[in-house]
S.K.: 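Before I ask anything, let me first share the structure, which is written out below as structure tokens.
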Protein chains: 2
Amino acid sequence: MTVISNKIDEIFLLPPTEKQLFLSRFERIDVLKGTIVVSAEKIERYVYFIEEGIARAFRETDKGQRTIWFGEAGGVILSFLSFFKNQPGYESIEVLEDSVLYRISSSHLQELYNLHLPIANWGRKFAEQELLLTEQRFMDLQFRTATERYEDLIKHSPTILKRVQLGHIASYLGITQVSLSRIRSAKK
Amino acid sequence: MTVISNKIDEIFLLPPTEKQLFLSRFERIDVLKGTIVVSAEKIERYVYFIEEGIARAFRETDKGQRTIWFGEAGGVILSFLSFFKNQPGYESIEVLEDSVLYRISSSHLQELYNLHLPIANWGRKFAEQELLLTEQRFMDLQFRTATERYEDLIKHSPTILKRVQLGHIASYLGITQVSLSRIRSAKK
DNA sequence: CAATTTATTTAACAAATGATAAAAAATGAA
DNA sequence: TTCATTTTTTATCATTTGTTAAATAAATTG
């Protein structure tokens with residue numbers, strides 16, 4: 001649980017008592033490659049932390065699946081809509097390799113938020129951090145070209161590039177696979 | 001202060017004591033049309049709530065200003081990067097009409113977060129809500145065409161369409177003004 | 001290993017959007 | 001109002017990206 005424990009500390013450092021309380025609410029699950037952890041059809045009642053493995057969030061469209069997010073060890077799997085508003089979310093999330101996850105239920109988390117100030121502030125910092133990441137994605141999409149976004153991916157997430165097929169990468173970048181292939185060949 | 005007071009309640013209902021404490025930290029400012037409330041150059045130490053008026057966030061690029069957000073009464077003016085990470089943000093924010101704002105300083109807010117559980121949870125809900133809005137923007141940009149985004153704007157924010165010039169709208173939609181003009185003429 | 005499936009690249013054409021320039025319309029100031 | 005400025009629309013051409021289909025390469029399975 002070390003990866004996740006570090007991740008939790010990184011978001012907001014909890015006093016030992018609260019940290020322990022928080023961790024005690026987590027439950028380990030081992031999932032096989034291809035498992036759909038979160039389904040767009042359903043309201044999801046857990047937040048998952050990735051201890052080991054890699055995950056992909058995607059939306060089903062008329063033109064097939066389109067990837068909206070990749071997560072590696074230390075990443076958090078959740079549907080914001082599901083978890084914050086109790087609605088079915090936009091996305092489904094699958095693991096692309098056999099993975100080890102730890103999850104905490106919505107109701108446990110709510111209870112902790114309502115009783116423990118440090119944990120409420122942890123939740124706030126968590127939301128703020130995810131907000132910054134989402135804003136970053138938005139800015140990239142709005143202000144950078146597909147080529148630049150691809151180069152950023154090479155630079156900042158080489159692991160993903162190596163472990164994930166290009167069709168998923170292309171839709172993540174907001175372009176077709178053909179277009180990505182053109183970008184790749186232009187770069188040589 | 002009624003618009004803002006309602007907005008605060010909408011995010012998360014505070015007990016009367018905390019609500020009053022929270023409100024007591026706000027300060028009213030009246031700003032003239034064209035005032036730059038938040039500058040991309042600086043670290044901004046306030047969050048502003050719009051009681052009356054309309055605002056626009058934009059980034060300076062090599063091709064001129066590009067709008068990233070519009071806010072009306074009840075909206076919140078802040079740079080996430082500035083406020084959450086104490087860094088200069090991406091955007092500058094100006095008011096497009098004479099406006100009435102209420103602001104609370106970063107340090108006051110931090111203090112309230114650290115001492116009052118309900119306010120910490122208010123802050124969490126606020127971040128969660130802004131996260132959902134940002135995610136929505138991202139999804140729109142990624143999954144909908146410029147034409148659809150324009151139609152959504154007509155449907156959901158007719159006020160903005162009426163009060164803001166089309167150049168700003170176009171860059172908000174992520175297209176050129178020429179392209180927006182084409183979309184508008186195709187619709188007749 | 002060969003056979004089959006899946007993933008990736010390439011090519012040709014269509015559609016959408018950008019860039020630039022000019023015209024038309026709207027706005028604001030004297 | 002009239003003139004000057006700003007905003008919006010229109011037109012033309014270049015560029016980018018999408019679409020479809022086929023070819024190549026890689027991975028998987030029996």
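Residue numbers begin at 1 in each chain, while the letters A, B, ... track the order of the sequences.
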S.K.: Do B/Y46 and B/I104 touch side chain to side chain, with heavy atoms closer than 4.5 Å?
M.R.: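 No, side chains not in contact.
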S.K.: How many Å lie between CG on A/L141 and P on D/dT17, as a whole number?
M.R.: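 A/L141 atom CG is separated from D/dT17 atom P by 12 Å.
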S.K.: Between A/V178 and A/T145, name the one whose nearest nucleotide on DNA chain D is closer to the 5' end.
M.R.: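 With A/V178 and A/T145 compared, the 5'-side residue is A/T145.
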S.K.: In terms of heavy-atom contacts, does CD of B/E41 have more than 12 from other residues, nucleotides or ligands at under 6.0 Å?
M.R.: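 12 or below, so no.
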S.K.: Quick check on DNA chain D: between B/Q165 and B/S179, whose nearest nucleotide comes earlier from the 5' end?
M.R.: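 Final value for this comparison: B/Q165.
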S.K.: With a 4.0 Å cutoff (strictly under), does any side-chain N or O of A/S185 reach OP1 or OP2 of C/dT10?
M.R.: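 A/S185 to C/dT10 OP1/OP2: side-chain N or O found under 4.0 Å.
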S.K.: Between A/R149 and A/R144 (side chain of the first, backbone of the second, donor and acceptor by atom type, cut-off under 3.5 Å), is there such a pair?
M.R.: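 Yes; judged by distance alone, with no hydrogens or angles, the pair exists.
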S.K.: What integer distance in Å separates B/R144:CZ from C/dA16:P?
M.R.: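 The distance from CZ of B/R144 to P of C/dA16 comes to 17 Å, rounded to the nearest Å.
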S.K.: Is any side-chain nitrogen or oxygen of B/R184 closer than 4.0 Å to OP1 or OP2 of D/dT8?
M.R.: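 No, outside the criterion.
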S.K.: D/dT8 phosphate, OP1 or OP2: any side-chain N/O from B/S181 under 4.0 angstrom?
M.R.: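 Negative; the distance criterion is not met.
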S.K.: Rounded to whole angstroms, how far apart are CD on B/Q177 and C1' on D/dT9?
M.R.: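 Answer to the nearest Å: 9 Å.
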S.K.: Could you check whether B/I175 gets within reach of a base, just the sugar-phosphate, or nothing at all, counting any heavy atom under 4.0 Å?
M.R.: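 The residue B/I175 makes sugar-phosphate contact but no base contact.
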S.K.: Could you tell me whether the side chain of B/V38 reaches within less than 4.5 Å of the side chain of B/Y48, counting heavy atoms only?
M.R.: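 Yes, close enough: below the 4.5 Å cut-off.
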S.K.: Distance only, no hydrogens: is a donor on one side chain within 3.5 Å (strictly under) of an acceptor on the other, for A/K19 and A/S5?
M.R.: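 A/K19 vs A/S5: donor-acceptor pair found between side chains.
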S.K.: Is the B/F70 ring parallel, tilted or perpendicular to the B/Y172 ring (thresholds 30°, 60°)?
M.R.: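 The arrangement is tilted - the two ring planes meet at 30° to 60°.
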S.K.: To the nearest Å, how far apart are B/L96 CG and D/dT7 P?
M.R.: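 Atom-to-atom, B/L96 to D/dT7, this comes out as 12 Å.
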S.K.: Taking only the side-chain nitrogens and oxygens of B/R182, find out if one of them lies under 4.0 Å from OP1 or OP2 of D/dT9.
M.R.: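 Looking at the OP1 and OP2 atoms of D/dT9, neither is under 4.0 Å from any side-chain N or O of B/R182.
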S.K.: Rounded to the nearest angstrom, tell me the gap between atom CG in A/L173 and atom C1' in D/dT17.
M.R.: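 Those two atoms, CG and C1', are 14 Å apart.
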S.K.: Using five pairs at either end of the helix from C/dC1-D/dG30 to C/dA30-D/dT1, determine the angle between the two local helix axes and round it to 10 degrees.
M.R.: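 Axis angle across the helix from C/dC1-D/dG30 to C/dA30-D/dT1, nearest 10°: 50°.
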S.K.: C/dT27 P sits how many Å from B/K162 NZ, rounded?
M.R.: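 Spelled out: NZ on B/K162 to P on C/dT27 is 15 Å.
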S.K.: Quick one, A/E94 with A/R56, criterion salt bridge (Lys or Arg N to Asp or Glu O under 4.0 Å). Give me CA distance, side-chain angles, the key distance, then yes/no.
M.R.: CA-CA 5 Å; A/E94 65 169 354; A/R56 172 180 89 99; 2.9 Å; yes
S.K.: In whole angstrom, give the distance that lies between atom CD1 of A/I169 and atom P of C/dA7.
M.R.: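 My rounded result for the distance is 13 Å.
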S.K.: Looking at D/dG18, I'd like to know if its phosphate oxygens (OP1 or OP2) sit under 4.0 Å from a side-chain N or O belonging to A/T176.
M.R.: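 Yes, because at least one side-chain N or O of A/T176 sits under 4.0 Å from OP1 or OP2 of D/dG18.
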S.K.: To the nearest angstrom, how far is A/E148 atom CD from D/dT16 atom C1'?
M.R.: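 Distance, rounded to whole Å: 14 Å.
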